[in-house]
*Asks:* 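One structure, pasted below without further comment.
Source: prediction; values computed, not measured. Heavy atoms only: backbone and side chains are in, while hydrogens, waters and symmetry mates are out. Naming: A, B, ... by sequence-line order, numbering from 1 per chain.
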Number of protein chains: 2
Amino acid sequence: MESMARPIVHDDALRQRLLDVTAQLVDREGPEKVTLRDIAAAGGTSTSAIYSLFGGKSQLLTAVVNYGFRSFHASQEIAGKEGLKATGWAYRKWALEHDALYRLMFGGAMDAYAEGRSAGGPDGGGLADGGQTIDAMAPLIGAVTAAQAEGVIGPYNVMLIATAFWAQVHGLVSLELARGASMPIDWDALYDATLDAGIRAWAPRP
Amino acid sequence: MESMARPIVHDDALRQRLLDVTAQLVDREGPEKVTLRDIAAAGGTSTSAIYSLFGGKSQLLTAVVNYGFRSFHASQEIAGKEGLKATGWAYRKWALEHDALYRLMFGGAMDAYAEGRSAGGPDGGGLADGGQTIDAMAPLIGAVTAAQAEGVIGPYNVMLIATAFWAQVHGLVSLELARGASMPIDWDALYDATLDAGIRAWAPRP
DNA sequence: ATTGTTTCATAACATTGTTCTATAACTGCG
DNA sequence: CGCAGTTATAGAACAATGTTATGAAACAAT
């Protein structure tokens, strides 16, 4: 209250810049390989900024994951209106385009960093958890419900079907990401056939 | 040829002990958290042993992954004879019992270490790759073929069906491992329903 | 015993996440 | 206008960890 002091440089703009830079570096090199010093240099600041804005590497990565979830969710939202298969294809597209980030979000690699929860800033607080996964599933749940209304999907439990679909797609994508290049498989065709099979499996019984 | 020297202590017995110890530690703490010094201490030796026997942390983890694949493969082999659903349940059982190791094998986390291929010792050489995944799928492929013979599964491409099944199960398991506790889902029931749906999807068409 | 050779535990090194500290940048007042 | 007060930040110091280098230990041959 007495007197104001040195003006703030570690502001929201820098925070956003660091998020962008980190997302890029993580996508390029993976979360382990990227160092705080690199991130700081790329953002034109010092490692202190990461500590004052996020709290540490763990929280920075958490914030990046949250950032990723928003992008992924938006992508699913759009595709969700175009039906079940479109949602599946959009899922794969996003995952292949965000390789390392996808693994960080869904691969459980985040657990390696989980321990010190941040106080909960406007955005970065709280560890990425199932809540976000369920959030991200909302468009898929919507698509399943719509398909039921159209009679394409039978009257099974919606959450169960959605999770089954999600797991199917996630499994294919993570298999493709992890071992795709070294497996003699036509992933496009497999993906297509699998989506159809998934729908077939939950079609109304005659 | 001139003269023999100090007797070898870094032998195959120690190698095996280090493999066991590392597998345990990795399963308990994950591959990032476990340190070479801890491993060496737990094995009653020094970090040098890891370098002379494996080449480094990367190759040690690769060897552990290979070790894991053998165990997993054996488990699948047994279950494969009992049918498709049994294979799926055995898959899940093994994965839940080997949490971190499973992620190391199938989660793509190994890529973080991939760079220096070892010369290829009797066992640890070569990075774990798609070959092992396909190997591990063999029992599943057998089960699918058997199910086709019984008329439970239709005349679709076997590899395609097997991969679809594998992805389905892998997706469920990794979702459960990563977010299971924080999602309000009855995983047992979901697993059961999903296995049935998978079989239904590829049933012979009328 | 001495020498030579090989093996291995330990010490030194480089990198990286994190914490500490001293300086920089500003305000308000004399 | 300068000086004290205050806060933010860059950079130094610290701790941990994978890796490499070094020198001592253990044995055979002479």
*Asks:* Partners of B/E176 by side chain to side chain contact (heavy atoms under 4.5 Å, CB included), sequence neighbours excluded?
*Replies:*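 B/R92, B/L96, B/W187.
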*Asks:* For every nucleotide of nucleotides 10-20 of chain D, 5' to 3': is a protein heavy atom under 4.0 Å from its base (B), only from its sugar-phosphate (S), or from neither (-)?
*Replies:* BB-B---BBBB
*Asks:* Measure CG/A/D11 against C1'/D/dT7 and give the value in whole Å, please.
*Replies:*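 Atom-to-atom, A/D11 to D/dT7, this comes out as 15 Å.
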*Asks:* Taking only residues two or more places apart in sequence, or in another chain, which ones meet A/V152 in a side chain to side chain contact (heavy atoms under 4.5 Å, CB included)?
*Replies:*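 Scan of A/V152 (side chain to side chain contact (heavy atoms under 4.5 Å, CB included), adjacent residues dropped) gives A/A147, A/E150, A/I199.
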*Asks:* What residue pairs, at least two apart or across chains, pass side chain to side chain donor-acceptor pair (under 3.5 Å) with a residue in residues 77-91 of chain A?
*Replies:*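 For residues 77-91 of chain A: A/H73-A/E77, A/K85-A/D192, A/K85-A/D196, A/Y91-A/Y102.
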*Asks:* Quickly work out the B/L14 CG to C/dT7 P distance and round it to whole Å.
*Replies:*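 Rounded to the whole Å, the gap is 14 Å.
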*Asks:* Who passes side chain to side chain contact (heavy atoms under 4.5 Å, CB included) against A/H10, sequence neighbours left out?
*Replies:*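 Scan of A/H10 (side chain to side chain contact (heavy atoms under 4.5 Å, CB included), adjacent residues dropped) gives A/L14, A/T45, A/S48, A/A49, A/S52, A/L53.
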*Asks:* Could you tell me whether A/R15 and A/D11 make a salt bridge, using a distance below 4.0 angstrom between a side-chain N and a carboxylate O?
*Replies:*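 Judged by the 4.0 Å cut-off on N to carboxylate O distance, A/R15 and A/D11 do not form a salt bridge.
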*Asks:* Can you list everything that forms a side-chain hydrogen bond (donor to acceptor under 3.5 Å, both in side chains) with A/T145? Sequence neighbours excluded, please.
*Replies:*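 Checked A/T145 against side-chain hydrogen bond (donor to acceptor under 3.5 Å, both in side chains); zero matches.
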*Asks:* What pairs with B/T163 under side chain to side chain contact (heavy atoms under 4.5 Å, CB included), at least two apart in sequence or on another chain?
*Replies:*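 Side chain to side chain contact (heavy atoms under 4.5 Å, CB included) check on B/T163 returns A/L175, A/I185, A/L190, B/M137, B/M159.
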*Asks:* Whole Å only: how far is the CG atom of A/L60 from the P atom of C/dT16?
*Replies:*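 Taking CG of A/L60 and P of C/dT16, I get 16 Å after rounding.
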*Asks:* Would you kindly give the CD1-to-P distance between B/I50 and C/dT10, to the nearest whole Å?
*Replies:*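 To the nearest whole Å, that distance equals 14 Å.
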*Asks:* Partners of B/S71 by side-chain hydrogen bond (donor to acceptor under 3.5 Å, both in side chains), sequence neighbours excluded?
*Replies:*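 For B/S71 the side-chain hydrogen bond (donor to acceptor under 3.5 Å, both in side chains) partners, ignoring immediate neighbours, are B/W94.
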*Asks:* Report the end-to-end axis angle of the helix from C/dA1-D/dT30 to C/dG30-D/dC1; each axis comes from five terminal pairs, and the value is rounded to 10°.
*Replies:*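 Rounded to the nearest 10 degrees, the bend comes out at 40°.
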